[in-house]
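Below: the structure, in structure tokens.
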Amino acid sequence: MFAHAVRRALRKSKTLRYGVPMLLLIVGGSFGLREFSQIRYDAVKIKIDPELEKKLKMNKVSLETEYEKIKDSAFDDWKNIRGPRPWEDPDLLQGRNPEMLKTKTT
């Protein structure tokens with residue numbers, strides 16, 4: 001009789017029905033996030049092969065070097081060309097004559 005009353009009270013209690021699973025989710029989630037965030041710090045500790053490290057240092061690309069490459073380029077004569085949609089013919093869209101293209105390929 002007493003056990004039946006306790007089960008009924010547990011079933012009706014909103015705290016036990018909704019609150020306890022929510023708290024378990026929050027606490028369990030924090031432990032899970034701790035494990036996943038630890039992977040990032042463990043990956044930093046891994047040593048890279050010395051040969052690979054030399055190759056990476058040799059192929060150094062920076063913003064300044066890329067700027068120096070395109071600094072003297074003239075962008076006054078560029079033309080904005082829209083790409084073709086899947087159902088459109090790309091040759092007709094970009095103003096090229098398709099008959100002329102067929103004669104070049106044959």
Residues Glu68, Lys71; criterion salt bridge (Lys or Arg N to Asp or Glu O under 4.0 Å); working and verdict: CA-CA 5 Å; Glu68 292 296 326; Lys71 179 173 64 172; 3.1 Å; yes
Interatomic distance, Glu53 atom CD to Lys47 atom NZ [nearest 0.5 angstrom]: 8.5 Å
Lys69 vs Glu66 side-chain heavy atoms within contact, under 4.5 Å: yes
Where Val27 and Ser30 come nearest, the two heavy atoms and their spacing: O-OG, 2.7 Å
Counterpart residues, side-chain contact (heavy atoms from CB on, under 4.5 Å), relative to Arg34 (two or more places apart): Phe31
Min side-chain heavy-atom separation Gln38-Asp42 under 4.5 Å: yes
His4 NE2 to Arg7 CZ distance, which is reported to the nearest 0.5 Å: 7.5 Å
Connected via hydrophobic side-chain network under 4.5 Å: Leu63 and Ile70: no
Heavy-atom donor-acceptor pair, Ser37 side chain to Leu33 backbone, under 3.5 Å: yes
Leu16-Phe2 co-clustered via ILVMFWY side chain contacts under 4.5 Å: yes
